[in-house]
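A quick write-up on the structure given underneath.
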Amino acid sequence: MKKGSTASILKYIRPHSFPTPFCPGCGHGIVLGAILRAVDELELDFSQMLFVSGIGCGGWIPSPHFHADTLHVTHGRPVAFATGAKLFNPQLKVVVIGGDGDIASIGGNHLIHAARRDVNLTVICSNNLIYGMTGGQVTPTTPQGARTLTTPAGNPERPFDLARLVTAAGATYVARYSVWHVRPLIASIQKALQHPGFAFIEVLSTCPTHYGRRNDNPTPAGMLRALKESCVTVERAKSLNADELETKTIIGELVAG
Ligand SMILES: Cc1ncc(C[n+]2csc(CCOP(=O)(O)OP(=O)(O)O)c2C)c(N)n1
Ligand SMILES: [Mg+2]
């Protein structure tokens, strides 16, 4: 059986965890698949891995789905729990998976201090630009002007650039991809899992239900197309000027370890 194939990753899925809680068109399922494909291709021992997530749709990526040890903890606290687990058992490969709210809003302080301390964790933030599970409130990554449940006239605030935030805080592997860019995302997850320090991957995800619907892009295909069209690689960005970059998101390895 080909490593990383759909048939090959089914062994990592808990029996009875499907159907998933994800809405049609949710990008978190793509992130789920990318993580399991990365693990399978690397032939990692799943029994020596711990997946930690908080509350939110992104938190459902590992728990209930992964047939592994999972800690499903308080909203905003997965990085703190993961740090404790890693200190207690340094042999474990500890992976934090969560949404932009979980990891960067209420969890933002844990995030920056774990990056500063270069704790040996892999943190994957499935960033759908919204609090999806609770109905679509504004988050620290919601773009300025975007409509949400709590900013119906458009978000007046500037968003955090998560990859730059953790880079400034001292993370030693930082990358950003989207759920459209699955192959490079899998390769990046593999690097992050093998990185000896704090590795952070921001994955731009889709939420047609709460984000796209309010921002003139209600279909799953339309949201994926928008990601495809708005993202440029680090290499390509070098040949673009500031005006051209204004509407683009840079993807790729931002800190290569
Ligand atoms: C301490 C605490 N504050 C707030 C909440 C309510 N809450 C649950 S999930 C969530 C936001 C989820 O957003 P995100 O982490 O981005 O995940 P998504 O659902 O978008 O994937 C909030 C505000 C909570 N459960 N606990
Ligand atoms: Mg979110």
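Predicted model only: the values in this text are computed from it and were never measured. One-based numbering, in listed order, for ligands and for the atoms of each.
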Look at atom 15 (O) of ligand 1 and say which protein heavy atom is nearest, naming residue and atom and giving the distance to 0.1 Å. D102 N, 2.7 Å

Would you say I106 touches ligand 1, if touching means a heavy atom closer than 4.0 Å? yes

Can you name the atoms of ligand 1, numbered from 1 with element, that are less than 4.0 Å from a heavy atom of G56? 9 (S), 12 (C), 17 (O), 19 (O)

Pick, from H75, R77, H28, the option with the minimum heavy-atom distance to atom 10 (C) of ligand 1. H75

Will you find, in the side chains of Y211 and T206, an N or O donor that is under 3.5 Å from an N or O acceptor? no

The atoms of ligand 1 lying under 4.0 Å from a heavy atom of C57, numbered in the order shown, are 17 (O), 18 (P), 19 (O), 21 (O)

Under 2.8 Å from the Mg ion (ligand 2), can any N, O or S atom of L129 be found? no

Identity and separation of the nearest protein heavy atom to atom 7 (N) of ligand 1: T134 CG2, 3.5 Å

Among N128, L129, N127, which residue satisfies the side chain to side chain contact (heavy atoms under 4.5 Å, CB included) criterion with C207? N128

Less than 6.0 angstrom separating the ring centers of H65 and F18, yes or no? yes

Quick one: does K191's side chain have a donor or acceptor within less than 3.5 Å of a partner on E253's backbone? no

Short N/O/S contact of N128 with the Mg ion (ligand 2) (below 2.8 Å): yes

Look at the N, O or S atoms of D100, main chain and side chain alike, and state whether any lies under 2.8 Å from the Mg ion (ligand 2). yes

Could you list which atoms of ligand 1 come closer than 4.0 Å to a heavy atom of N128? 18 (P), 20 (O), 21 (O)

State the atoms of ligand 1, each with its element, that fall below the 4.0 Å cut-off from a heavy-atom position in G58. 18 (P), 21 (O)

Would you call E41 and R183 a salt bridge, using N to O less than 4.0 angstrom? yes

What are the atoms of ligand 1, with element, lying closer than 4.0 Å to any heavy atom of I130? 16 (O), 20 (O)

Apply the test salt bridge (charged side-chain N to carboxylate O under 4.0 Å, His left out) to residues D216 and R147: give CA-CA distance (whole Å), side-chain angles for both, the deciding distance (0.1 Å), then the verdict. CA-CA 10 Å; D216 309 317; R147 289 188 293 276; 3.3 Å; yes

Just by distance, do the side chain of S230 and the backbone of A226 share a donor-acceptor pair under 3.5 Å? yes

Numbered in order shown, the ligand 1 atoms found under 4.0 Å of a heavy atom of G101 are 14 (P), 15 (O), 16 (O)

Determine, using ring centers only, whether F51 and Y12 are less than 6.0 Å apart. no

Give the C-alpha distance, both sets of side-chain angles, the deciding distance and a yes or no for salt bridge (charged side-chain N to carboxylate O under 4.0 Å, His left out) between R77 and D102. CA-CA 7 Å; R77 304 293 180 259; D102 201 22; over 6 Å; no

